[in-house]
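Below, each value reflects all heavy atoms present in this structure, side chains not excepted, and no hydrogens, waters or symmetry copies.
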Amino acid sequence: MAHLKKNTRGAVPGLAVHFERKTDHHTNKEIDVSKSYMNQDLMADGSDMLHVSTSV
């Protein structure tokens, strides 16, 4: 997924939670959280977006 949108530094934590689906309060009731283990992590080092954005 690629987003070409300019965001402020302050918006990054909220976006990271959204993109990595780290919330328990999904607005989409169709999400089956029991299948989360099937998600693929494309970041080989195991870090998350928030860690990467704050280390720059």
Side-chain angles (χ1 to χ4, degrees):
M1 165 184 347
H3 292 274
L4 301 175
K5 180 183 171 190
K6 204 171 203 178
N7 293 297
T8 63
R9 184 178 290 258
V12 171
L15 290 170
V17 168
H18 171 72
F19 292 140
E20 295 176 358
R21 296 184 177 164
K22 292 191 174 193
T23 184
D24 293 329
H25 308 289
H26 299 290
T27 56
N28 182 354
K29 301 301 179 195
E30 303 272 326
I31 295 174
D32 186 355
V33 293
S34 70
K35 295 182 179 179
S36 292
Y37 72 93
M38 297 168 64
N39 291 347
Q40 294 183 11
D41 189 4
L42 301 178
M43 297 183 80
D45 63 356
S47 64
D48 56 13
M49 286 178 60
L50 187 57
H51 176 262
V52 170
S53 68
T54 57
S55 64
V56 175

- Query: Looking at residues at least two apart in the chain, or sitting in another chain, which of them share a side-chain contact (heavy atoms from CB on, under 4.5 Å) with Ser36?
  - Reply: Val33, Asn39

- Message: I'd like to check the side chain to side chain donor-acceptor pair (under 3.5 Å) partners of Asn28; sequence neighbours left out, ordered by chain and number.
- Response: none

- Hits for side-chain contact (heavy atoms from CB on, under 4.5 Å) against Lys6, two or more places apart or cross-chain, chain-then-number order -> none

